[in-house]
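These numbers come from the heavy atoms of this one structure, side chains and all, not from hydrogens, waters or symmetry mates. Letters A, B, ... mirror the listed sequences (proteins, then strands); counts begin at 1.
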Amino acid sequence: MTSSYTSIPIKSILHLSENPRPISMVEQVNNAEKSSNCKIKIKCSGNGVPKPNEKSSAADSPIQRRTSARIKAVKEKTAASELQLRRKAAAAAAAAAEEESLAVGEKEKRGSGVSPAKVGKKRCYKKRKRDEESVVVGEGDVVVLERGNESVGGGGEAEVISEQQKKKLAKCEARRLKLLEDNDEKMDVGNAAAKPEKTDSLQVKETIRLFNKHYLHFVQEEEKRCGKAQADRKAARAARKQSKKKGKIVKDAPLEETKNSAKRPDLKAISKMMENNEILNPEKRVGSISGIEVGHQFYSRAEMCVVGFHSHWLNGIDYMGQSYAKVHNNYEFPIAVAIVISGMYEDDLDNAEDVVYTGQGGHNLTGDKRQIRDQKLERGNLALKNCVEQCVPIRVVRGHESRSSYTGKIYTYDGLYKVVNYWAEKGISGFTVYKFRLRRLEGQPVLTTNQVYFTCGRVPQSSAEIRGLVCDDITGGQEDTPIPATNLVDDPPVPPTGFTYCKSIKVAKNVKLPMDAPTGCKCKDKCVDPTTCECALRNGSDFPYVSKDGGRLVEAKGVVFECGPNCGCGPGCVNRTSQKGLRYRLEVFRTAKKGWAVRSWDFIPSGAPVCEYTGILSRAEDMERLSENNYIFDIDCLQTIKGIGGRERRSTNAAFIANLLDKSDEQGSESVPEYCIDAGSTGNIARFINHCCEPNLFVQCVLSTHHDLKFARVMLFAADNIPPLQELTYDYGYALDSVLDSDGKVKQMPCYCGAAGCRKRLF
DNA sequence: TAGGATCAGTTGTAT
DNA sequence: ACAACTGATCCTAGT
């Protein structure tokens, strides 16, 4: 039986709660603000919403917000400087590429020194890395094995060590020494060595992001198919009823069409990524995988596959088979490289640092999930046995039941373990099972499995449990779920002040929101069929959302057309996903260096809507006068669609949008946003979300009550699966040199978000 | 909530 | 070329 994780001392849990999640290494831009803030004494009244006329205190400003570009000056400058910049960038990239290709040999020797900054470079690095891996097994990772504990056997039917095996052990020792040597070299390189690790972790992040995109795409495909199947069944039933009346016999539709069960979108996503060569680390390898640290959380088995951590979504033991013997002659194959401990075997025994793992086979896959046959020393079992004899460490992942995951399960990488010994015995059900004693290698980060388990459970259940609470609900009851504010940084702790909470957009006096609501779809209750729903057609004949998990955006789009006031569907329609208000329990918390920040107590799956950016909808040029307002968000829907002003180009329904673009062009829209949302004095939770160069949210413009791109609603969606208590961030999206000061000079703002790929400048 | 069908890549073996 | 192997996932049926 798999032991529970309660074997961890309570102390370690307490320790955790005493030390809140480390705050990312972000330097505050406005350091001066903090001291002034400390002097302000503000009592948070009743509902916690400050008076509207309270002066916006600098304390509320984490770092400078997405400020309106100084429009006129930019207009003049953009065209000229953009061209110049592009030329410069192209020249720099070319030079870098050349330098890179020349330096490859040298850098490979050092095994480091890769700049994470430029995409072009990153690609070069990725490729080189793979080439490296295809010829090296077990190198480049720190593997420290203790001697004297490598005897084979120890259990019932232990095998005895042979002369040949002794030789192998010697070989193994030699390998170990080499690894240590390599490690020393790495240490010498010092800081430079840390860089590629970060780059790799970004690659891991991006690969998982890509997986999520494919995953949601296939979820959508399946939802469509199942929806159609359901409609077909309904129609078939109706037809049968009719024909019964007439006395005719109608055959049932073939099973294929009526089947309602969805094919597994996760597996389809894996297949797709294999087909596209998008799998990270496609070669199996011994030891740790760079970019995946101990404690890394996976949200499904499929995630492990796409980053090359464990190459099968189903097998417990991942091993390198005989085919690897052709390329690598330093091992006797098969050898195991990774295992998943998920408690599926009745004979498992798990004490965290010390595990008795049951081999594979003889397991009743359906029903009671117990042993029904004897296990044999073959496949994964043989691979684990070979690990004992050849001192090959294996990666260990543990599965946990957890609500904070879309699959209800979390897999945590617990580090490298060595297979100490193995034996065969009669298991609980009376069949022969192979057992492997695993011991965690020393010198690794403290085991995090239990911490993660309890971190998730540490989310407060009531306001009484919240530490450092300074405000019960900054929304003053406007949102369905209250948003508390906590402050464990300031002394005395102060709540966020200087703004009025508003759930929805307010419009400035001199701005007229388009009132001509577009014609709506004629669907009833919920929009289902994307081939007939007009709103779906506007999005390119597909709904932008999947129904799963209450609505998730499949991918970032130029603009999303949602159902609006003239649509026949109700509020529960999937194509109103962004209109349903806050879905997750959010918290505003004070950080030491970044001012206020936002995090969620709930798990947020990728593509889920987090919040809208609200405030006062204003003319961008009116904001020019307000030089110190740091809460201005330009509505850059048009720019995003056109892919200008530093915006990434996204997929769009070209046909429908071309029409809208023509309209806006007629109205003389330039490359600079005309309108913006000013959350300086009035806004919602979004005004507290900080910038990060590698964020976990992204901005998505949404149209529902009208089709004017200049007034699109601004929504923030989850870009990744976001675990509870992780700070929420998005990219403020400045083009470098796009902000000018009052004298028309280019203004520069350093970025201290601390991400590996930080651009070092906010603008 | 429990049971069971399904899913698809890897591996080893048979042809 | 093919079958065996594997346990996560999700739907369905039952309580």
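- Residue A:E378 is out of contact with every strand shown, counting any heavy-atom pair closer than 4.0 Å.
- The nucleotide whose nearest atom lies closest to any side-chain atom of A:W313 is, among C:dA8, B:dT10, B:dG12, C:dA8.
- Aromatic ring orientation, A:F698 versus A:F717: parallel (interplanar angle below 30°, classes split at 30° and 60°).
- Between A:Y215 atom OH and C:dT9 atom C1' there is a gap of 9 Å when expressed in whole angstrom units.
- At the phosphate of C:dA8, OP1 or OP2 sits under 4.0 Å from a side-chain N or O atom of A:K409.
- Candidate nucleotides C:dA4, C:dC10, C:dA8 were compared by shortest atom distance to the side chain of A:R379, and C:dA4 ranks first.
- Atoms OH (A:Y299) and C1' (C:dA8) sit 18 Å apart, rounded to a whole Å.
- Nearest nucleotide to the side chain of A:H312, out of C:dT9, B:dG12, C:dT6: C:dT6.
- Distance, A:Q360 CD to C:dT6 P: 5 Å, rounded to whole Å.
- Between A:F309 and A:Y413, the distance separating the two ring centers is shorter than 6.0 angstrom.
- Atom CD1 of A:I270 is separated from atom C1' of C:dT6 by 13 Å (rounded to the nearest Å).
- Between A:S271 and B:dG9 there is a side-chain polar atom (N or O) within less than 4.0 angstrom of OP1 or OP2.
- Taking atom NZ of A:K268 as the reference point, atom C1' of C:dT9 lies 15 Å away to the nearest angstrom.
- Each of A:L441, A:V294, A:I394, A:V392 was scored for a side chain to side chain contact (heavy atoms under 4.5 Å, CB included) with A:L416, with one residue passing: A:L441.
- Of the inter-residue distances, the one linking A:K268 atom NZ with A:Y215 atom OH reads 13.0 Å to the nearest 0.5 angstrom.
- Note: CE (A:M320) to P (B:dG12) measures 12 Å, nearest angstrom.
- The side chain of A:R301 places an N or O atom within less than 4.0 Å of a non-bridging phosphate oxygen (OP1 or OP2) of C:dA8.
- Following rounding to the nearest Å, A:L382 (CG) and B:dT13 (P) show an atom-to-atom distance of 10 Å.
- The 12-atom threshold is exceeded at NZ of A:K580, counting heavy atoms of other residues, nucleotides or ligands nearer than 6.0 Å.
- The phosphate of B:dT11 has OP1 or OP2 within less than 4.0 Å of a side-chain N or O from A:K284.
- If you check distances only, the side chain of A:R264 never reaches the base of B:dA8 with a donor-acceptor pair under 3.5 Å.
- Comparing C:dA8, B:dT11, B:dA8 against the side chain of A:Y411 picks out C:dA8 as the nearest.
- For the pair A:D374 CG and C:dC5 P, the computed distance is 14 Å after rounding to whole Å.
- In this structure, of B:dT11, B:dA8, C:dA8, it is B:dA8 that holds the atom nearest to the side chain of A:L267.
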